[in-house]
Novice: 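Have a look at this one.
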Amino acid sequence: MEYFYARWLDDAFDSIDALLVHATPYILAGEQTVPLHLALQLKTASKLKSAQQLTNQLIDVLAKARASAVAKRGKRDASSMDMLARSVQFVIESVGYLQPNEQSLIRIVRELTNSVESKEQWSSSIGNLIEHSTKFSSAIVEGVYQSLADRIERREGHKIGFVIDWLYACYLSSRDSYPVEFSPIVQRFRGVQRKFDSSFISRAVDAEIRQASFPKIVFDLSQATTSFATESGLAMWSASVVPDRRLDWRYVDFSLGTFESAEVLLGRRNEEDAPYFKLFKAISHRAIEQAPFQVSGGSATVLPWFDYGIIEETRSSLASCSAEHASAFGVALMGLAELSLDDADGADDSDESISTVSLLEVVIGRDDMDSALVQFARSWVHRNTSLFVKSPSRWLIPADKVFLQRHEKDAIK
């Protein structure tokens with residue numbers, strides 16, 4: 001019956017314009033979608049010009065539905081958001097038979113990505129589009145990237161915080177050293193993560209965005225440290241949790257900051273290939289000025305491993321490296337000690353805690369260190385201060401469980 005109804009629609013409307021005018025109310029209502037798709041296929045079969053015309057009109061349907069939803073946001077009008085979701089789904093289902101050229105597909109995907117905001121719809125719509133459309137994968141990835149880059153440039157990073165978390169997890173899981181294992185559900189976005197290269201960094205810097213979380217967004221997507229990171233300091237982690245509604249990545253970041261700094265000090269890693277070392281070198285003095293800093297709420301991602309051996313090996317290098325290098329290592333190490341699970345459980349007298357103190361005493365004993373950092377480190381060693389105000393309300397979630405739907409069951413207070 002649906003096929004015959006589709007044939008009737010094809011005969012009843014002479015043009016794609018007329019058919020889509022008839023179809024749009026049904027698309028927004030989520031009704032008659034199967035015969036409508038069949039009718040549009042009949043209209044565009046082996047007709048490149050017609051397919052291109054339909055592509056443009058579907059983009060227009062999406063744009064109008066999104067504009068309506070944006071205009072009614074805050075007015076508790078759920079119907080406009082439902083209509084937007086239905087139009088997104090309809091356009092996604094049309095990609096397979098439209099067979100658009102590369103530029104048209106990039107435009108479609110860009111508009112689709114602009115139209116999706118909820119985590120659930122992102123996973124089911126954009127995620128599935130990326131995962132299953134292998135024939136168009138490069139254009140789809142480009143469209144998603146362009147939309148995300150645009151939204152960040154428009155200072156809308158807080159609306160896509162969960163997507164930035166997914167992309168950051170893709171990078172972390174692909175690292176050559178100290179990779180972090182995450183649920184395979186986020187790995188399908190790996191192609192999008194790779195798109196955030198030097199061209200994105202240039203766009204981000206040119207935008208001159210002064211939001212506190214911006215340096216963290218840029219770092220997580222491209223592993224680049226912006227000049228504004230020096231000003232933002234510890235605030236980048238706080239602002240990522242509130243208002244950006246992201247995960248609390250401090251444990252991961254301070255761990256990798258410590259390990260990479262140790263590798264640089266030991267001559268095992270080139271500074272240019274150590275993004276976390278460069279980040280902590282940039283923020284070390286600002287972090288001391290801001291401490292103790294409050295980071296409230298959020299779910300903290302923690303690691304299943306801890307490599308203290310390489311940290312202990314830095315003892316002799318700490319006495320002879322540059323003051324900048326020693327500062328980056330010292331700040332990362334203090335943060336890691338505060339955030340580690342051992343310290344969270346109150347294990348103050350462990351071998352690791354004692355060794356941390358003795359390493360910091362090497363830094364304190366140097367005569368070329370910044371006086372403010374030396375004073376802070378000495379106070380930290382005597383437990384009179386800290387980088388962060390301890391937040392007992394955080395959820396601590398192992399990295400391999402953080403993106404599972406019911407990860408709360410595995411979290412510990």
Side-chain angles (χ1 to χ4, degrees), residues 30 58-59 61-63 65-70 73 78 80-96 105-134 136-173 182-196 200 213 216-217 220-221 240-241 243-247 249 298-299 301 397 401-408:
L58 286 175
I59 290 173
V61 169
L62 261 182
R66 182 160 61 89
S68 175
V70 169
R73 184 176 293 153
S80 60
M81 294 303 297
D82 289 341
M83 287 190 289
L84 176 58
R86 293 175 192 129
S87 64
V88 165
Q89 188 59 38
F90 189 89
V91 174
I92 287 176
E93 291 168 354
S94 72
V95 169
L105 183 54
I106 289 172
R107 286 180 58 217
I108 290 176
V109 175
R110 191 172 183 170
E111 192 63 43
L112 281 169
T113 309
N114 284 337
S115 302
V116 174
E117 291 191 4
S118 76
K119 185 183 298 186
E120 294 74 17
Q121 196 174 21
W122 246 94
S123 182
S124 63
S125 298
I126 307 302
N128 288 338
L129 187 62
I130 291 173
E131 187 174 13
H132 298 300
S133 299
T134 55
F136 311 107
S137 58
S138 61
I140 289 171
V141 164
E142 178 65 26
V144 174
Y145 160 73
Q146 288 187 13
S147 171
L148 293 175
D150 288 346
R151 298 185 78 170
I152 291 166
E153 196 171 352
R154 294 197 303 264
R155 295 163 174 77
E156 295 180 357
H158 61 284
K159 296 181 179 180
I160 51 171
F162 59 91
V163 182
I164 298 172
D165 282 340
W166 293 345
L167 299 182
Y168 189 37
C170 288
Y171 161 72
L172 290 169
S173 64
F182 289 93
S183 167
I185 195 169
V186 300
Q187 298 303 322
R188 52 188 171 168
F189 297 104
R190 176 65 176 141
V192 179
Q193 188 273 323
R194 290 194 188 102
K195 295 291 295 185
F196 287 87
F200 166 74
S213 63
K216 176 67 174 154
I217 292 173
D220 291 354
L221 294 175
S240 293
V241 176
D244 287 10
R245 294 176 292 178
R246 294 187 57 195
L247 294 166
W249 290 101
S299 297
T301 304
I397 309 170
K401 294 182 171 58
V402 71
F403 294 115
L404 301 180
Q405 282 187 318
R406 300 187 62 80
H407 62 67
E408 292 85 0

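Source: prediction; values computed, not measured.
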Novice: Return the minimal non-hydrogen interatomic distance between Leu247 and Val241, and the atom names on each side.
Specialist: O-CG2, 4.2 Å

Novice: Does some side-chain heavy atom of Ile152 sit less than 4.5 Å from a side-chain heavy atom of Leu221?
Specialist: yes

Novice: Please report the closest heavy-atom contact between Glu111 and Ile59, naming both atoms and the distance.
Specialist: CG-O, 4.1 Å

Novice: Rounded to the nearest 0.5 Å, how far does CE of Met81 lie from OG of Ser68?
Specialist: 10.0 Å

Novice: Under the side chain to side chain contact (heavy atoms under 4.5 Å, CB included) test, which residues partner Phe162, sequence neighbours left out?
Specialist: Lys119, Trp122, Trp166

Novice: I need the single residue from Val163, Thr113, Val116, Ile106 that forms a side chain to side chain contact (heavy atoms under 4.5 Å, CB included) with Val144. Which is it?
Specialist: Thr113

Novice: Between Ile164 and Asp244, is there a side-chain heavy-atom distance shorter than 4.5 Å?
Specialist: no

Novice: Please find the pair of heavy atoms, one from Leu58 and one from Ser94, that lie closest to each other, and give the distance.
Specialist: CD1-OG, 3.5 Å

Novice: Are the side chains of Leu167 and Leu148 in touch, meaning some heavy atoms are under 4.5 Å apart?
Specialist: yes

Novice: Can you give me the closest heavy-atom contact between Ser125 and Gln89, atom names plus distance?
Specialist: OG-OE1, 3.9 Å

Novice: Do the non-hydrogen side-chain atoms of Trp249 and Leu172 ever get within less than 4.5 Å of each other?
Specialist: yes

Novice: Between Ser87 (side chain only) and Leu84 (backbone N and O only), is there a donor and an acceptor less than 3.5 Å apart?
Specialist: yes

Novice: Without swapping roles, check the side chain of Arg188 against the backbone of Ser123 for a donor-acceptor pair under 3.5 Å.
Specialist: yes

Novice: Between Arg110 and Asp150, is there a salt bridge with N-O shorter than 4.0 Å?
Specialist: yes

Novice: Per the side chain to side chain contact (heavy atoms under 4.5 Å, CB included) rule, which among His158, Gln146, Glu156 passes with Arg151?
Specialist: Glu156

Novice: If I compare all heavy atoms of Cys170 with all of Phe189, which pair ends up nearest, and what's the gap?
Specialist: SG-C, 3.7 Å

Novice: Nearest 0.5 angstrom please: Arg245 CZ to Asp165 CG, how far?
Specialist: 11.5 Å

Novice: To the nearest 0.5 angstrom, please state how far the CZ atom of Arg66 sits from the CG atom of Leu112.
Specialist: 10.0 Å

Novice: Do Leu62 and Asn114 have side chains that get closer than 4.5 Å, going by heavy atoms?
Specialist: no

Novice: How far does CD1 of Ile92 sit from CG of Leu129, to the nearest 0.5 angstrom?
Specialist: 5.5 Å

Novice: Tell me every residue that passes side chain to side chain contact (heavy atoms under 4.5 Å, CB included) with Ser173, counting only those two or more places apart in sequence or in another chain.
Specialist: Phe182, Gln187

Novice: What I'd like to find out is whether the side chain of Arg246 reaches to under 4.5 Å of the side chain of Asp220, using heavy atoms alone.
Specialist: yes

Novice: What's the separation between atom CD1 in Ile140 and atom CD in Glu131, rounded to the nearest 0.5 Å?
Specialist: 11.5 Å

Novice: Hey, are the side chains of Val91 and Val61 touching, using non-hydrogen atoms and a 4.5 Å cut-off?
Specialist: no

